[in-house]
Amino acid sequence: MAAQAQIGIIGGSGLYQMEALTDIEEVRVDTPFGSPSDAIILGTLDGIRVAFLARHGRGHTLMPTELPFRANIYAMKSLGVEYLISASAVGSLKEAAKPLDMVVPDQFIDRTRNRVNTFFGEGLVGHITFGDPVCNALAGVLADAVESLELPDVDLHRGGTYVCMEGPAFSTKAESELYRSWGATIIGMTNLPEAKLAREAEIAYATLALVTDYDCWHPDHDSVTVEMVIGNLQKNAVNAQRVIREVVNRIAANPPESEAHSALKYAIITPWDKAPKATLEKLNLLIKKYLP
Ligand SMILES: CSC[C@H]1O[C@H](OP(=O)(O)O)[C@H](O)[C@@H]1O
Ligand SMILES: Nc1ncnc2[nH]cnc12
């Protein structure tokens, strides 16, 4: 399939569609890993073609554990996506990151237990480098985009650690305090598998984290509820859409060089002639540039 969009956006809780898209085309992508969370919306934003996916489905019918992460990332790759922005609701683990603030994290801690977060296996073994789990170049463009808009009452936090928990229940206070003692900044349930799979698919990935609550640790704030998350996300939705528009323009004008784009160069350990043909065919889209 010819490339349809260089830039992809995955919208999380409360961000089920992208404003300002024209020439919209809904595509149902079938992948070797099943169907994505929903149809992918191809559309044009300021003359730039983008691919948008509602992570939990447009009706929010999929919980974090049920998300078809591999299908989502594979589908983006099949449409030609090279840069992927995740817009996600998060709880704050630090006083300084207050509800309605934005964080562009640069680290993750994996507390998930029930996710498939690799394309490898079935006879083909690969180990990507993941010390820097988001694309720092793309994260820089994203943070610059936020800063340039000078959003009133919204502080930007460049960098920070995102704890990815399993859910769907929110954390206990003991867990929340544990993550705080680790120095983590924010907590969510979705971004870590996405970041790993995007790296394996050689897609540059960065997160716009929208703070919606103080989780359950803050003595002066109520514990997180869904109502709180969606309420604050809706308050910030216009800002989030403005940031996405700005970052899309910046990426298109000056696509950043990303180490993610060659992440598989030294990652695959299985000799090609030892890997099953069926697996090579299944992963052809991801590995074809390295095949002899
Ligand atoms: C609706 S509250 C919990 C839910 O919100 C976050 O979603 P996303 O990362 O897709 O914005 C969090 O990860 C949970 O999935
Ligand atoms: N406190 C929290 N914990 C996990 N995921 C979240 N998403 C938004 N707020 C959250």
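We're numbering straight along the sequence, starting at 1. In each ligand, atom 1 is the first atom listed, and ligand 1 is the first ligand listed.
Closest to atom 8 (P) of ligand 1 among all protein heavy atoms lies Arg55 NH1, 3.4 Å. The single protein non-hydrogen atom nearest to atom 6 (C) of ligand 2 is Ile187 O, 3.7 Å, given as residue, atom name and distance. Annotation: atom 12 (C) of ligand 1 to nearest protein heavy atom, Met189 N, 3.8 Å. Protein heavy atom closest to atom 6 (C) of ligand 1, with residue, atom name and distance, is Ser13 OG, 3.4 Å. The shortest contact between atom 2 (S) of ligand 1 and any protein heavy atom is with Phe170 CZ, 3.7 Å. Closest to atom 5 (N) of ligand 2, if we only count protein heavy atoms, is Gly188 CA, 3.5 Å.
Atoms of ligand 1 found under 4.0 Å from any heavy atom of Pro64 (numbered from 1 in listed order, with element): 15 (O). The distance from ligand 2 to the heavy atoms of Thr212 drops below 4.0 Å at these ligand atoms: 8 (C), 9 (N). Every atom of ligand 2 with a heavy atom of Met165 under 4.0 Å away is listed here by number and element: 4 (C). With ligand atoms numbered from 1 in the order given, ligand 1 contributes 7 (O), 8 (P), 10 (O), 15 (O) to contacts under 4.0 Å with heavy atoms of His56. Against a heavy-atom cut-off of under 4.0 Å, Val229 is close to the following atoms of ligand 2: 8 (C), 9 (N). Numbered from 1 in the order shown, with element, the atoms of ligand 1 that lie under 4.0 Å from a heavy atom of Thr190 read 8 (P), 9 (O), 10 (O), 13 (O), 15 (O).
Contact annotation for Asp215 and ligand 2: heavy atoms of both the backbone and the side chain come within less than 4.0 Å of the ligand. With a 4.0 Å heavy-atom cut-off, ligand 2 is reached by the side chain of Asp213 but not by its N, CA, C or O.
Thr161 contributes no side-chain N or O that, together with a main-chain N or O of Phe108, makes up a donor-acceptor pair within less than 3.5 Å. A side-chain donor-acceptor contact under 3.5 Å links Trp217 to the backbone of Ser92.
If you check the side chains of Ser37 and Asn72, you find a donor sitting under 3.5 Å from an acceptor. There is no side-chain donor-acceptor pair under 3.5 Å between Glu66 and His56.
By the 3.5 Å distance cut-off applied to N or O atoms, Ile230 is not counted among the residues near ligand 1. Taking any N or O of Val229, backbone or side chain, none lies under 3.5 Å from an N or O belonging to ligand 1.
Each of Val146, Ile244, Leu149, Val154 was compared with Asn239 under the side chain to side chain contact (heavy atoms under 4.5 Å, CB included) criterion, and only Val154 meets it.
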